[in-house]
Visitor: 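Right, I'll just put the structure down here and ask away after.
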Protein chains: 2
Amino acid sequence: MEDTSIKELVDSYINLTFSIEKNSVQLIKGQIRNDLTNDQHYILRYINQKEECTSSELAEVFHVKKSAITAIIERLWKKGFIQRTRDEQDRRVVYLTLTDDGKDLFQETELRIYQLVGSLINQFDQDEIEVFMKTYEKLNRIILATKEEMLGE
Amino acid sequence: MEDTSIKELVDSYINLTFSIEKNSVQLIKGQIRNDLTNDQHYILRYINQKEECTSSELAEVFHVKKSAITAIIERLWKKGFIQRTRDEQDRRVVYLTLTDDGKDLFQETELRIYQLVGSLINQFDQDEIEVFMKTYEKLNRIILATKEEMLGE
DNA sequence: AAAAATGGTTCAATTGGTTAACCATTAGCG
DNA sequence: CGCTAATGGTTAACCAATTGAACCATTTTT
């Protein structure tokens, strides 16, 4: 492949990614209760699907420092969506879980997000979806590999 | 398609998107000078490729309020990357352009981002890329249409 | 000429992020 | 055993990004 077409390809990819990302964020925000941000919902999701979830784990998955997680958890805790329980075996550890309120809010919001994303996906046909997801997964693997390579494992 | 497989599909899509997005942001951040954020670079890019760029336009494209743009532009202006010139025809309007420093910084950073994205894309073969980009474009169109539909055109 | 709309800015408040210092607790090792 | 790492989490100072509301200056509309 010559340089010009690679250049154009990268160009399209960057522009498409930008557009899809910005507009998706907006669409998702439309499904989330007004006093919660998208990332706050994603954090509820992560805690919900984890058996035992800690701040350190969240910091790693969300690619931010632990102190940032502390602040976010504090806000969600103040709103009554999250519980903190100390591990009695290792008293440094604090486990995060959703309260009943937190679970209710999460389920309700998640349903709406699933309906939204489902309605987007439904506009593609089976073949398209399969091929796309396969490449999308490969892209994910390549990005992860590149990241580990660049940031030193 | 039955509900369970749609549910799984939406699940994979959401998780993949999350992972790709978070990790891409990190990779891109690695290509950008330390005193600039990713979005600041994207704003330099947008201004660079536009003939005449205004705050209102940026606010629309980046899906934030004009006051947020004012703040970002102010920071970029303080660093000497951006110029503001009043339109003498319509004295309400302020045109944004890159200074020479801004252009230099932008070109240099953009080159590194293109190399990064190019190296990712190069790990796919021609067919994969073509099919993926086609579906990716369709996804973009569908998201835009859905957005207009939901937010009332 | 008066009223409405437009393009930008300012300001207070909230959220999210970093760095650095710190506390409590546990793990490792001579 | 006891001192030193290391670990998990919090706190505080600081900055960037964002919103909403009020506002200024300048067109546009009526």
Side-chain angles (χ1 to χ4, degrees), chain A residues 18 21-22 25-26 28-30 32-44 46-47 50 52-79 81-97 151, chain B residues 18 21-22 25-26 28-30 32-44 46-47 50 52-79 81-97 151:
Chain A
F18 178 84
E21 203 267 329
K22 290 285 178 203
V25 165
Q26 251 205 333
I28 297 287
K29 189 178 279 170
I32 292 178
R33 230 176 61 174
N34 226 338
D35 60 342
L36 238 59
T37 64
N38 288 14
D39 265 347
Q40 285 178 344
H41 176 77
Y42 297 155
I43 283 183
L44 293 187
Y46 192 85
I47 295 176
K50 269 292 178 177
E52 288 181 330
C53 180
T54 64
S55 287
S56 301
E57 195 180 341
L58 285 174
E60 202 183 323
V61 173
F62 284 79
H63 303 302
V64 297
K65 301 289 172 245
K66 286 183 295 180
S67 53
I69 297 294
T70 300
I72 295 175
I73 294 299
E74 181 67 14
R75 279 173 218 121
L76 288 171
W77 176 81
K78 271 188 189 151
K79 289 178 182 158
F81 298 141
I82 279 186
Q83 253 172 340
R84 289 188 257 212
T85 39
R86 271 227 127 69
D87 181 348
E88 287 306 326
Q89 254 56 51
D90 183 344
R91 293 190 44 73
R92 289 169 304 181
V93 179
V94 175
Y95 292 121
L96 304 169
T97 47
L151 310 183
Chain B
F18 179 84
E21 203 266 328
K22 290 285 179 202
V25 165
Q26 250 205 334
I28 298 286
K29 189 178 281 172
I32 292 178
R33 231 177 62 172
N34 226 337
D35 60 342
L36 238 59
T37 64
N38 289 11
D39 264 348
Q40 285 179 345
H41 176 76
Y42 298 156
I43 284 184
L44 293 187
Y46 192 86
I47 295 176
K50 270 290 176 176
E52 287 182 330
C53 179
T54 64
S55 287
S56 302
E57 195 180 341
L58 284 175
E60 201 183 322
V61 174
F62 284 80
H63 304 301
V64 296
K65 301 286 171 250
K66 284 183 297 179
S67 54
I69 298 294
T70 301
I72 295 175
I73 294 300
E74 181 67 14
R75 280 176 217 118
L76 288 171
W77 177 80
K78 271 188 191 153
K79 289 179 182 157
F81 298 141
I82 278 185
Q83 252 172 339
R84 290 188 257 213
T85 38
R86 270 226 129 70
D87 181 348
E88 288 305 327
Q89 254 56 50
D90 182 344
R91 292 192 43 74
R92 291 169 302 182
V93 179
V94 175
Y95 293 121
L96 305 169
T97 46
L151 309 182

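Sequence lines set the chain letters: A, B, ... in the order given, protein chains first and strands last, and positions in each chain run from 1. Note: hydrogens, waters and symmetry copies are ignored here, and every other heavy atom, side chains too, is used.
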Visitor: Taking atom CG of A/Asp87 and atom CD of A/Glu52, what is their separation to the nearest 0.5 Å?
Guide: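 Going from the CG atom of A/Asp87 to the CD atom of A/Glu52 covers 7.0 Å.
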
Visitor: For nucleotides 1-5 of chain D, tabulate all protein N/O to nucleotide N/O atom pairs closer than 3.5 Å, reporting atom names and distance.
Guide:
none

Visitor: What residues in residues 61-69 of chain A put a non-hydrogen atom under 4.0 Å from any atom of DNA chain C?
Guide: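 Nucleic-acid contacts, sorted: A/Val64, A/Lys65, A/Ser67, A/Ala68.
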
Visitor: Determine, stepwise, if the pair B/Ile82 / B/Thr97 fulfils side-chain contact (heavy atoms from CB on, under 4.5 Å).
Guide: CA-CA 6 Å; B/Ile82 278 185; B/Thr97 46; over 6 Å; no

Visitor: Output all residues satisfying ring-ring contact (aromatic ring centres under 6.0 Å, His included) with B/Phe18, sequence neighbours left out; order by chain, then residue number.
Guide: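 Scan of B/Phe18 (ring-ring contact (aromatic ring centres under 6.0 Å, His included), adjacent residues dropped) gives A/Tyr42, A/Phe62.
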
Visitor: Is it the case that the side chain of A/Lys79 and the backbone of A/Asp35 share a donor-acceptor pair, with hydrogens and angles ignored and the cut-off at 3.5 Å?
Guide: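 Present.
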
Visitor: Heavy atoms under 4.0 Å, any strand shown: does A/Ala71 hit a base, just sugar-phosphate, or nothing?
Guide: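 It contacts nothing in the nucleic acid.
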
Visitor: For B/Asn38 and D/dT18, what is the distance between atoms CG and C1' respectively, to the nearest whole Å?
Guide: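 Result: 17 Å.
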
Visitor: My understanding is that only residues two or more places apart in sequence, or in another chain, count here; which of them pass salt bridge (Lys or Arg N to Asp or Glu O under 4.0 Å) with B/Asp90?
Guide: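 Testing B/Asp90 for salt bridge (Lys or Arg N to Asp or Glu O under 4.0 Å), a comparison that skips the adjacent residues, returns B/Arg92.
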
Visitor: Between B/Thr70 and C/dT10, is there a contact of a side-chain N or O with OP1 or OP2 at under 4.0 Å?
Guide: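 No, no such contact exists.
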
Visitor: Give none if C/dA24 has no partner; otherwise give the nucleotide forming a Watson-Crick or G-U wobble pair with it, both distances under 3.5 Å.
Guide: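 The base-pairing partner of C/dA24, which may sit in any strand shown, is D/dT7.
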
Visitor: Without swapping roles, check the side chain of B/Arg86 against the backbone of B/Arg91 for a donor-acceptor pair under 3.5 Å.
Guide: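 Judged by distance alone, yes, a pair lies under 3.5 Å.
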
Visitor: In Å, rounded to the nearest 0.5 Å, how long is the span from CG of B/Leu96 to OG of B/Ser55?
Guide: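 Rounded to the nearest 0.5 Å, the CG-OG separation comes to 5.0 Å.
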
Visitor: Are any non-hydrogen side-chain atoms of B/Val25 and B/Glu21 less than 4.5 angstrom apart?
Guide: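 Yes, side chains in contact.
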
Visitor: Tell me: CD1 of A/Ile82 to P of D/dG9, nearest whole Å?
Guide: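 About 13 Å, once rounded to whole Å.
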
Visitor: When you match A/Lys29 and A/Cys53 each to their closest nucleotide on DNA chain D, which lands nearer the 5' end?
Guide: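 Whichever sits nearer the 5' end wins; that is A/Cys53.
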
Visitor: Counting the atoms with a prime plus P, OP1 and OP2 as sugar-phosphate, which does A/Gln40 contact under 4.0 Å by heavy atoms, base, sugar-phosphate, or nothing?
Guide: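 Sugar-phosphate only.
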
Visitor: Looking at A/Ala71, is its backbone amide N or carbonyl O close enough to the side chain of A/Glu74 to form a donor-acceptor pair, meaning the two atoms are under 3.5 Å apart?
Guide: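 No.
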
Visitor: Does the protein touch nucleotides 25-30 of chain D at the base, only the backbone, or not at all? Give it as B, S and - per nucleotide, heavy atoms under 4.0 Å.
Guide: BBS---

Visitor: Could you tell me which residues satisfy ring-ring contact (aromatic ring centres under 6.0 Å, His included) with A/Tyr95, sequence neighbours excluded, listed by chain and number?
Guide: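 With neighbours one apart ignored, the set is empty.
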
